[in-house]
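Since the structure comes first, as structure tokens, the remarks are kept for the end.
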Amino acid sequence: MEGMRMKRKLLTGGLCICLLGANLLSGCKSRDDNLTQPDTSQATVITKEPDLLDYLPERAYDATFEMLVRLQDVDANYTVSKEGDKTEIDSAVFSAYSRVSDRFGISFHFTGLDGYSSGQTQFINTILSDIQAGGNYDAIAPSYYFGVPLVIQGCYLDLNRLPVFDFSNPWWYSGFNDTMELQGAIYTCAGAFDTGHLKNTYALAFNESMVNQYSLSNPYELYQNNEWTFDRMLSMAEEEGNISETGTVGLAITRKSADCFFQASGLRFVDKDSSGALKVTKYSDRAEALYQTLSRYIGKSSEVCKYGGRPDIEFPEGKTLFSAITIGNLVNFKNVEFQYGVMVYPKYHSEQKGYFSTTAGSSVFALTKVTRDPEKSAVILEALNACFYDQVTPAIFRTVLQGRISKKPEMAAMLEVIRDSVYYDFGFVWNASLGNIANFTSFIEAGSYEAMSTWYDAVEGGYKKKLSEFLTLYAKIPEKISGNH
């Protein structure tokens, strides 16, 4: 398996090199026919450029790929016409589907359901009914927050048993998949085919015109110098709030976007120790310090911080230095008249290893335990995620950049940083099964505790009990899968 994965990486890298070479050579003029040509009789002739999907097995399924999807996350617009009015993203989506269709003899049929809380019951019942009926779907893509809990019921196959899947490839989101791999198994995965994952990832938009007006530090330079930290960002917001005119604020956040500071600070609700065992890690000195700092702003509004409202809608008005947004919100900034940028959430301090981003919600991919041809499903999902990464993700970036990619290369590079830094805390994903452990800002907002330690002492035992019960149930999943076919 390891040898296969290494080969796939080399093929992917080779594709990039070949494409680069083709681009460089495309501008060269043809040689004069009268010039002496080199002897190529002993040269190896490459008759076909490597393709991104070459590492996948040769298959011609001549079949329909049936998939149940959450329409808010998975772009199932496969029927968009080659002609007529369409966006760049539409064209990229169509091309990606066509590429997979042509390669494997597949046509696609999607059953799309509402993936928000109002449609949760219908989505779950549809999955369970399909399992009872013997499995009509080749793959499913529910939201993580109600799709993942079905793992415990033994509804899904272990994807690690299907060697076609290679989760080391860049189109798979390691921040989710590494977290979800437990006891050697992974039952749900996340990748680039879920366009909602990228669009729903949190970031901080900043008003570059205000940065220049008040002679503040440039966030991009702070990032390059490893100085983009929580305290530095907050000090800039406080400085703007203290010196700017009335009506402007340094930072605009909501409860959900404020929660992101917990994970961005390298903190975890549940984490794995050196042996891979799970443990509750919600409380620490750093968590207490963050709690105390955010307590000055959560649930209140001032010239330094506006809490609540719609930061994404208010940012284009030009009265906010930093606004918590999602990547998808950037498409609404088309007519903004001032210069702006986008930043990954800051580290807690410069010694912290890496940045961590949070998503507001995404779909996960799974194969139910009655999937009729698991290998076919694995091949097509691997191919879809690869092609969406190769074609659709760049189209999304170009769209949200609004033509700024040549003028603002820092912004384009930062979007890559944000995408690659998304991390899913185990407690965040399994929140409902672990006693709602992934709560942070809500306790600050309630104002019932002066210190995080006070309320954590009261709930720690309950969290640990829930985790122990969860692990017991998790160990029984293989038995449920094999016993209920």
Side-chain angles (χ1 to χ4, degrees), residues 1-2 4-13 16 52 55 73-74 141 143-145 147-148 151 156 158-203 260 263-264 266-274 276 278 281 327 344-345 347 352-367 378 381-390 392-394 396-397 413-430:
M1 182 64 181
E2 290 302 319
M4 182 183 297
R5 290 186 175 180
M6 178 60 71
K7 183 177 181 181
R8 292 175 186 174
K9 287 182 180 179
L10 290 174
L11 280 172
T12 304
C16 296
L52 181 66
Y55 74 92
D73 288 340
V74 175
S143 169
Y144 78 90
Y145 61 83
V148 166
V151 169
Y156 307 142
D158 176 8
L159 304 180
N160 273 346
R161 293 181 175 270
L162 296 166
V164 170
F165 284 120
D166 183 356
F167 296 118
S168 68
N169 278 323
W171 38 86
W172 295 111
Y173 294 131
S174 60
F176 179 88
N177 300 332
D178 291 350
T179 296
M180 293 304 294
E181 187 169 15
L182 183 64
Q183 298 176 6
I186 179 169
Y187 298 99
T188 59
C189 62
F193 179 39
D194 166 24
T195 54
H197 174 103
L198 179 61
K199 295 174 184 176
N200 294 333
T201 298
Y202 280 106
C260 299
Q263 186 164 287
L267 298 168
R268 302 288 179 261
F269 299 110
V270 176
D271 205 358
K272 296 176 182 178
D273 62 20
S274 58
L278 291 174
T281 55
I327 296 301
V344 67
Y345 265 65
K347 297 178 179 181
Q352 178 180 312
K353 293 183 179 180
Y355 292 86
F356 300 100
S357 299
T358 307
T359 180
S362 63
S363 290
V364 294
F365 305 115
L367 309 183
L381 277 181
E382 181 81 22
L384 284 171
N385 279 279
C387 289
F388 267 64
Y389 173 82
D390 186 52
V392 180
T393 297
I396 292 174
F397 278 179
M414 187 55 62
L415 288 177
E416 296 280 356
V417 171
I418 294 168
R419 181 192 64 187
D420 293 341
S421 65
V422 173
Y423 179 84
Y424 286 77
D425 185 285
F426 193 92
F428 175 77
V429 177
W430 289 99

Quiz question: by atom type and distance under 3.5 Å, do the side chains of [X] and [Y] form a donor-acceptor pair?
X      : Y      : value
Tyr55  : Glu382 : yes
Ser357 : Ser421 : yes
Ser362 : Tyr424 : yes

Closest heavy-atom contact between [X] and [Y]?
X      : Y      : value
Phe176 : Val148 : CZ-CG2, 4.3 Å
Phe397 : Leu415 : CZ-O, 3.8 Å
Ala366 : Thr188 : CB-CG2, 4.1 Å
Tyr202 : Cys260 : CD1-SG, 3.3 Å
Met414 : Val344 : SD-N, 3.6 Å
Asp425 : Val270 : OD1-N, 3.4 Å

Is [Y] close to [X] at the side-chain level, that is, under 4.5 Å between some pair of heavy atoms?
X      : Y      : value
Ile327 : Lys199 : no
Leu159 : Phe167 : yes
Leu367 : Leu381 : yes
Leu182 : Leu278 : yes

Using atom types as modelled and distance alone, determine if a side-chain donor or acceptor of [X] lies under 3.5 Å from a backbone N or O of [Y].
X      : Y      : value
Asp158 : Asn160 : yes
Asn177 : Tyr173 : yes
Asp194 : Ser363 : yes
Gln352 : Ala264 : yes

Between [atom1] on residue [X] and [atom2] on residue [Y], distance to nearest 0.5 Å:
X      : Y      : atom1 : atom2 : answer
Ile418 : Thr359 : CD1   : OG1   : 12.0 Å
Trp172 : Tyr389 : CH2   : OH    : 13.5 Å
Asn385 : Asp166 : CG    : CG    : 12.0 Å
Tyr156 : Ile186 : OH    : CD1   : 13.0 Å
Lys272 : Thr281 : NZ    : OG1   : 12.5 Å

Checklist entry - Should Gln263 and Tyr423 be marked as a side-chain contact (heavy atoms from CB on, under 4.5 Å) after you check the CA-CA gap, both sets of side-chain angles, and the distance that decides it? => result CA-CA 8 Å; Gln263 186 164 287; Tyr423 179 84; 3.9 Å; yes
Checklist entry - Can Trp430 and Met180 be said to form a side-chain contact (heavy atoms from CB on, under 4.5 Å), step by step? => result CA-CA 10 Å; Trp430 289 99; Met180 293 304 294; 3.5 Å; yes
Checklist entry - For the residue pair Phe428 and Phe269, is the inter-centroid distance of their aromatic rings smaller than 6.0 Å? => result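 No - the distance between ring centres of Phe428 and Phe269 does not fall below the 6.0 Å cut-off.
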Next on the checklist: Both conditions, 6.0 Å and 45 degrees, for the charged tip of Arg268 above the ring of Phe356: are they met here?
Outcome noted: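 That pair qualifies as a cation-pi contact.
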Checklist entry - What do the steps show when you test Phe388 against Thr195 for side-chain contact (heavy atoms from CB on, under 4.5 Å), and what is the final call? => result CA-CA 8 Å; Phe388 267 64; Thr195 54; 3.9 Å; yes
